[in-house]
Amino acid sequence: MRIVIASPEAVPFSKTGGLADVAGTLFREYRKAGLDAFLMVPLYKSTREAVGDRLRDTGVTLDIPAGPVTRRCGVYTLRTEKYGSGPSVEGNIGGGRVFFVENEDLFGREELYGTALGDYPDNAERFIVFSRGVLEICRTLRLSPHIIHCNDWQTGLIPYYLKTAYHGDGAFRKAKTVMTIHNLGYQGLFPPSVMDVAGLGRDHFHPGAVEFYGNVNFLKAGIIAADAVTTVSPTYAREILTPEFGFGLDGVLRKRSGDLTGILNGIDDSEWNPLTDAHLPASFSSRDLSGREACRQELRASTGLGDSEGPLLCFIGRLSSQKGIELLIDVMPALMRAGAQFVVLGKGEDIYQRRLADLSGKFPGAMHMSLGFNEPLAHLCYAGSDIFLMPSRYEPCGLGQLIAMRYGSIPVATMTGGLSDTISDVSGQAEILFCDELLEDVKGTGFLVREYAPEALLGTVKKAICVFRKARPSWRKIVLNAMDQDFSWSRSARLYGDLYQRLAGA
Ligand code: ADP
């Protein structure tokens, strides 16, 4: 079975969020298992920097129509592949497994999708070209895929093209598509004029096709046309069928509910392992936690936080309303006055960047704000903080809480989506937590906030802090419980594999 993963980002080549981890790691897991898998991503400026002189031009060029213009794209691959052995691919260039769609005008920019001021205005064209590029690579290199696994709105047109413009094309005779929704909040909405750029006639512009309240919706195209639809946790798969979480697509999704499943993401054990993590000043594991204290001190020192017995709380993530930044900003002053310290690492909307920077100015020594995407600091934060905050408004799966648990930072998170599926709540165990004789009975890996409201967040964080300060043995037990969870990718990869088998056999 030949699998093509099409994704707008994938580690280690490009990343703005969890999707990159999912696509890149899934591909690597497939290769480790000897599966016949390919990965296709755009060639961004940051990808060039990440790949360096390993980048190789295959010499293949694709002329992709985009409305009035034709975009000439190069196809690049890697000079050396580190993705395990497997069946060699006839007709494929030099055994390449990762293909980059290259067009300097469209992808050679500072950012992947836009800046703090907003999305790039030509995102529709950029991802129309990428989506067609993926199909054209399959055709040109005669890959004949059995599965094309598409990720998020940027690739939503791929299943749609296969059912329309590419229908009956022998190159895709066997191809079945999977559309994975990593976040329904991002759908790729564009004005009707984009239909021409996409090469789709006006007869596709109606509510039963790609039209969505007067706009074109790329994700909707993928949802209606894919052979299977998945999202990244079982709870989120149920939530998106409701108007509250469906972002207007709940009706469309309900029609596909028989083909919709939730498969939890995992984390990459080779990148996220406190025993081998090169970013840390000391290693540790659930068997020997002593190195954790050195990480805590290093985090304090490198962020200019003062000495304190109190807990060190941390937030890492996109600064967007989805991540509950408003709630966080509301509760931080009270917690800092009570002795808590914060490290906030994030990048995103200007308004939140400013409000957080203001706050850190008001609480020097108690709060450190780091603006930007900083991988080494993220590692140190997970390893050195006591509590990891994830007060998301909604959360399809979430990787932050998984990494935090692996590193012994206890999540305090909203009871929604993947957070509910991965964090086992200790809140109900008050009488056990404060009784040393019952230590072995302390179950659970974090604290769930039952309502999206500042009072609820504040109350739950206080509860966690109280256990941290007053019931240290129980806290330690929760840390060990969290660190011993298995969130490895092999399980998720197996579930995707089962789905592919079902589709390919159908
Ligand atoms: P998202 O909704 O952004 O995909 P996830 O929790 O699923 O959220 O994944 C976020 C991933 O990106 C995690 O691996 C997290 O550590 C990382 N991350 C987010 N923001 C930053 C940042 N500013 N610096 C470093 N890493 C970050």
Side-chain angles (χ1 to χ4, degrees), residues 7-12 14-26 46 111-113 116 151-154 180-186 231-233 235-236 245 247 262-274 277 279-280 299 302-303 314-325 328 343-349 352-353 356-357 368-385 388-407 409 411-414 416-423 446 487 489 492:
S7 180
E9 54 184 277
V11 290
S14 43
K15 174 166 170 173
T16 65
L19 162 61
D21 295 304
V22 178
T25 315
L26 204 51
S46 54
E111 302 290 340
L112 270 54
Y113 313 124
N151 294 277
D152 275 354
W153 69 263
Q154 293 91 336
T180 295
I181 303 166
H182 296 265
N183 190 336
L184 196 58
Y186 300 87
T231 186
V232 288
S233 69
T235 296
Y236 194 60
F245 293 97
F247 284 99
I263 299 179
L264 270 178
N265 290 335
I267 46 175
D268 179 355
D269 236 28
S270 60
E271 190 192 351
W272 299 108
N273 182 351
D277 192 327
H279 295 293
L280 304 184
L299 178 58
S302 65
T303 54
C314 147
F315 171 91
I316 303 173
R318 284 181 295 113
L319 302 180
S320 84
S321 81
Q322 183 213 329
K323 298 292 177 185
I325 309 294
L328 194 65
V343 177
V344 177
L345 167 60
K347 180 173 169 182
E349 290 169 39
Y352 299 126
Q353 300 196 163
L356 285 162
H368 173 83
M369 170 73 218
S370 184
L371 277 180
F373 201 91
N374 186 336
E375 201 79 55
L377 181 59
H379 283 248
L380 188 60
C381 285
Y382 287 118
S385 61
F388 186 78
L389 292 165
M390 221 158 150
S392 306
R393 190 185 285 274
Y394 70 93
E395 195 57 74
C397 175
L399 295 176
Q401 84 281 13
L402 305 184
I403 302 168
M405 285 189 268
R406 184 97 174 80
Y407 280 61
S409 182
V412 174
T414 340
T416 184
L419 299 172
S420 305
D421 289 336
T422 56
I423 298 169
F487 294 119
W489 262 103
S492 325

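All residue numbers in this chain count up from 1 along the given sequence. Numbering of ligands and ligand atoms starts at 1, following listing order.
Between Tyr186 and Tyr113, a ring centre-to-centre spacing not shorter than 6.0 Å is recorded.
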For a quick test of your reading: what N or O donor-acceptor pairs under 3.5 Å do the side chains of residues 17-25 make, sequence neighbours left out?
{"from": "Asp21", "atom 1": "OD1", "to": "Lys15", "atom 2": "NZ", "distance (Å)": "3.2"}
{"from": "Asp21", "atom 1": "OD2", "to": "Lys15", "atom 2": "NZ", "distance (Å)": "3.0"}
{"from": "Thr25", "atom 1": "OG1", "to": "Asp21", "atom 2": "O", "distance (Å)": "2.5"}

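Evaluation of the side chain to side chain contact (heavy atoms under 4.5 Å, CB included) rule for Thr303 yields Leu299, Leu305, Val343, His368, Leu377 as partners, not counting sequence neighbours. For the salt bridge (Lys or Arg N to Asp or Glu O under 4.0 Å) test, residues two or more places apart in sequence or in another chain that qualify with Asp268 are Arg28.
For ligand 1, the protein residues placed under 4.0 Å by at least one non-hydrogen atom are Lys15, Gly17, Gly18, Asp21, Ile316, Gly317, Arg318, Lys323, Leu345, Gly346, Gly372, Phe373, Asn374, Ala378, Tyr382, Met390, Gly398, Leu399, Gly400, Ile403.
The pair Arg318-Glu349 does not count as a salt bridge, with every side-chain nitrogen at least 4.0 angstrom from each carboxylate oxygen.
Looking at Thr231, its side chain does come within 3.5 Å of a backbone N or O of Ile181 through a donor-acceptor pair.
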